[in-house]
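A short worksheet on the structure shown next.
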There are 2 protein chains.
Amino acid sequence: MPEPTQTKASPNMADTDIAIVRIAPETSFKNKAYEALKEAILKMDIYATPEPVMLDERALSERLGVSRTPIREAIAMLEQDGFVKTVPRRGIVVVRRTKAEIVDMIRAWAALESMAARLITTTARKKDISALRDFFKDFGDDRLPQDHIEEYSKANIAFHQALISLSESPVLVDLTNDLLLHVRGYRQLTIGRKDRTATSLPEHLGIIEALEARDTELAEKRARDHTLGLAAYVEAHGQELFT
Amino acid sequence: MPEPTQTKASPNMADTDIAIVRIAPETSFKNKAYEALKEAILKMDIYATPEPVMLDERALSERLGVSRTPIREAIAMLEQDGFVKTVPRRGIVVVRRTKAEIVDMIRAWAALESMAARLITTTARKKDISALRDFFKDFGDDRLPQDHIEEYSKANIAFHQALISLSESPVLVDLTNDLLLHVRGYRQLTIGRKDRTATSLPEHLGIIEALEARDTELAEKRARDHTLGLAAYVEAHGQELFT
DNA sequence: CTTAGATTTTTGGCATGCCAAATACCAGAA
DNA sequence: TTCTGGTATTTGGCATGCCAAAAATCTAAG
């Protein structure tokens with residue numbers, strides 16, 4: 001039986017072949033809980049308090065208005081992501097990354113982004129590459145990034161995500177997004193620092209130029225060195241975040 | 001209350017401060033199920049049959065002798081890994097990767113491995129680098145890899161994993177291991193192909209030499225190009241796997 | 001007041017059962 | 001025979017309740 005999953009449709013139905021895919025499966029409580037918890041974890045400043053942040057299944061199920069079952073499934077998913085760790089009979093703790101781990105993640109990010117840069121030089125359209133400049137159109141000699149750090153930081157992240165998207169590589173996009181979620185907590189405190197912001201914008205423009213020039217090796221190198229620079233910066237100046 | 005989670009220990013206990021962490025929490029059914037299912041999925045040849053492979057919660061719980069609850073949690077974890085996908089009221093399907101996805105994963109792998117090569121040139125010990133040759137000590141002009149494909153394929157994977165481990169970067173190790181698990185199904189059918197095996201060993205030796213020479217850029221390039229070569233090979237010759 | 005020991009409470013792990021959606025199956029009409 | 005409508009079954013989603021381990025609390029001896 002060649003097509004066991006497809007019931008034979010009536011003739012006038014098969015010919016029209018209307019493009020209906022499937023009705024919205026309206027996400028389950030499990031997925032809703034996963035999204036809600038993930039957002040909550042990312043929003044909280046895990047590194048503010050010295051005590052580990054704990055989660056309670058029953059409290060969460062009450063807060064979200066569902067039973068513990070979907071909560072537990074969501075927790076299992078978050079544990080796979082590395083956001084929480086459940087200690088048997090002890091509790092669920094929100095994972096805190098060490099400086100070394102953050103630096104390590106940024107290095108992996110650099111690797112993935114430099115590969116994205118490679119791919120872009122061979123496949124992306126000129127128009128799309130040039131559009132990357134738009135993220136920084138609000139900044140210039142008359143409006144320095146270091147004077148609008150919060151705003152520039154947002155543009156910065158958006159630029160990097162758009163850059164990687166241009167590679168049209170789902171794997172690179174997904175992996176870097178995951179890494180970014182873990183690094184973001186620190187990123188708020190480091191990427192926007194004035195001393196680094198000053199060099200950031202020219203480096204970004206340099207990456208774009210190399211991409212436009214279809215210079216694969218140079219684009220890769222600039223993308224890599226730029227992000228490795230961030231890693232080195234965090235490694236050198238991120239100490240105060242881990243007191 | 002500064003330390004609410006820590007009971008005040010008796011003096012003679014606190015002074016010794018013995019390095020006992022915690023007795024083995026003997027993995028839960030959830031984790032056992034996760035490992036068992038993961039191994040089962042990796043072991044089966046998903047690409048052999050044209051019909052999608054389905055899993056059944058109840059059948060699995062019966063097979064493993066536990067209730068559905070830990071099974072469902074394990075399934076949720078596997079879904080995060082991208083090994084299965086549960087379709088709301090339809091079933092749990094083992095995910096089949098397209099050729100494009102596999103190629104994409106191999107490219108990401110190339111990115112991560114080339115970064116590992118970079119790091120190794122600056123941190124690894126000479127002794128450990130040279131030890132990488134041992135994986136291929138059973139092969140040479142008198143015993144060609146293409147004549148012992150199965151054996152060489154194993155050595156090949158072991159070499160790559162050992163290489164990345166030398167970077168001492170947990171993130172790179174974990175990410176590449178995850179990617180390898182997804183690619184492995186294809187790898188059995190492609191990495192061992194004679195036409196590619198012939199060039200594989202010299203390339204590996206070339207990587208090792210660059211690492212020993214502490215030539216960061218060259219090591220990175222050789223590691224990247226080697227794995228990108230595999231990606232290009234799969235893209236060009238892997239068609240028969242997706243009939 | 002300190003501390004060892006018993007007791008209560010908390011917390012995650014897990015089994016069980018019901019529900020609704022989707023499917024498979026079946027009988028009757030054309 | 002073929003198609004249609006309805007029914008039984010399958011399947012994942014979820015709520016509930018009990019259990020044991022660990023922690024917190026209480027109690028009484030010193």
Side-chain angles (χ1 to χ4, degrees), chain A residues 1 3-14 20-34 36-37 51-79 84-94, chain B residues 1 3-14 20-34 36-37 51-79 84-94:
Chain A
M1 37 185 163
E3 299 287 346
T5 63
Q6 184 76 5
T7 332
K8 194 194 297 181
S10 58
N12 53 1
M13 187 73 176
I20 289 183
V21 189
R22 177 169 289 277
I23 205 164
E26 48 192 295
T27 60
S28 59
F29 285 169
K30 171 184 70 176
N31 289 306
K32 284 180 181 173
Y34 171 74
L37 293 178
E51 311 94 46
V53 180
M54 306 290 288
L55 301 180
D56 178 66
E57 284 185 11
R58 291 169 222 267
L60 292 174
S61 74
E62 206 166 320
R63 287 277 297 273
L64 296 180
V66 298
S67 80
R68 287 174 56 209
T69 305
I71 298 289
R72 284 180 56 77
E73 292 172 353
I75 295 289
M77 295 165 74
L78 290 169
E79 189 163 12
V84 302
K85 171 130 184 64
T86 91
V87 188
R89 303 284 158 19
R90 294 264 307 173
I92 304 159
V93 52
V94 179
Chain B
M1 38 184 162
E3 299 286 348
T5 63
Q6 183 76 5
T7 330
K8 194 193 298 178
S10 58
N12 54 0
M13 188 72 176
I20 289 181
V21 189
R22 178 167 287 278
I23 64 176
E26 47 193 296
T27 61
S28 58
F29 284 169
K30 171 184 69 176
N31 289 306
K32 284 181 181 174
Y34 171 75
L37 292 179
E51 311 94 44
V53 179
M54 306 290 289
L55 300 180
D56 178 65
E57 286 185 9
R58 291 169 222 266
L60 291 175
S61 75
E62 206 166 321
R63 287 278 295 274
L64 296 179
V66 297
S67 81
R68 287 174 56 211
T69 305
I71 297 289
R72 284 181 55 78
E73 292 172 353
I75 296 288
M77 296 165 74
L78 288 169
E79 189 163 13
V84 302
K85 172 127 182 63
T86 92
V87 187
R89 303 276 161 24
R90 296 264 308 172
I92 303 159
V93 52
V94 179

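Residue numbers begin at 1 in each chain, while the letters A, B, ... track the order of the sequences.
- Within the nucleic acid shown, A/Ile71 has no heavy atom closer than 4.0 Å to any nucleic acid atom.
- Residue contacts for B/Ile75: at a heavy-atom cut-off of 4.0 Å it reaches no nucleic acid atom on any strand shown.
- Rounded to a whole Å, the CG atom of B/Leu55 is 9 Å from the P atom of D/dG12.
- With D/dA22, C/dA22, D/dG13 as the choices, the nucleotide that has an atom nearest any side-chain atom of A/Arg90 turns out to be D/dA22.
- A 4.5 Å side-chain heavy-atom check between B/Leu64 and B/Lys32 finds every atom pair outside the cut-off.
- Across B/Ile92, B/Thr86, B/Leu78, a single residue satisfies side chain to side chain contact (heavy atoms under 4.5 Å, CB included) together with B/Leu55, and that is B/Ile92.
- In terms of heavy-atom proximity, B/Ala74 sits nearest to B/Lys30 at CB-O, 3.8 Å.
- Following rounding to the nearest Å, B/Lys30 (NZ) and C/dT11 (P) show an atom-to-atom distance of 17 Å.
- Between A/Arg72 and A/Glu57 the shortest side-chain heavy-atom distance falls below 4.5 Å.
- An OP1 or OP2 oxygen of D/dG13 is reached within less than 4.0 angstrom by a side-chain nitrogen or oxygen of B/Arg72.
- With rounding to whole Å, B/Leu78 atom CG is found 16 Å from D/dG12 atom C1'.
- B/Lys85 has its NZ atom 13 Å from the P atom of D/dG12, to the nearest Å.
- Here the P atom of nucleotide D/dA20 and the CZ atom of B/Phe29 are 13 Å apart, to the nearest Å.
- The nearest whole Å value for the distance from the NZ atom in B/Lys32 to the C1' atom in C/dC14 is 13 Å.
- Taking atom CD of B/Glu79 as the reference point, atom P of D/dG13 lies 8 Å away to the nearest angstrom.
- DNA chain D lies under 4.0 Å from at least one heavy atom of each of the following residues of residues 56-70 of chain B: B/Asp56, B/Glu57, B/Arg58, B/Arg68.
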Query raised in the report: Going through the checks in order, is the side chain to side chain contact (heavy atoms under 4.5 Å, CB included) test met by B/Lys85 and B/Glu79?
Result: CA-CA 6 Å; B/Lys85 172 127 182 63; B/Glu79 189 163 13; 4.2 Å; yes

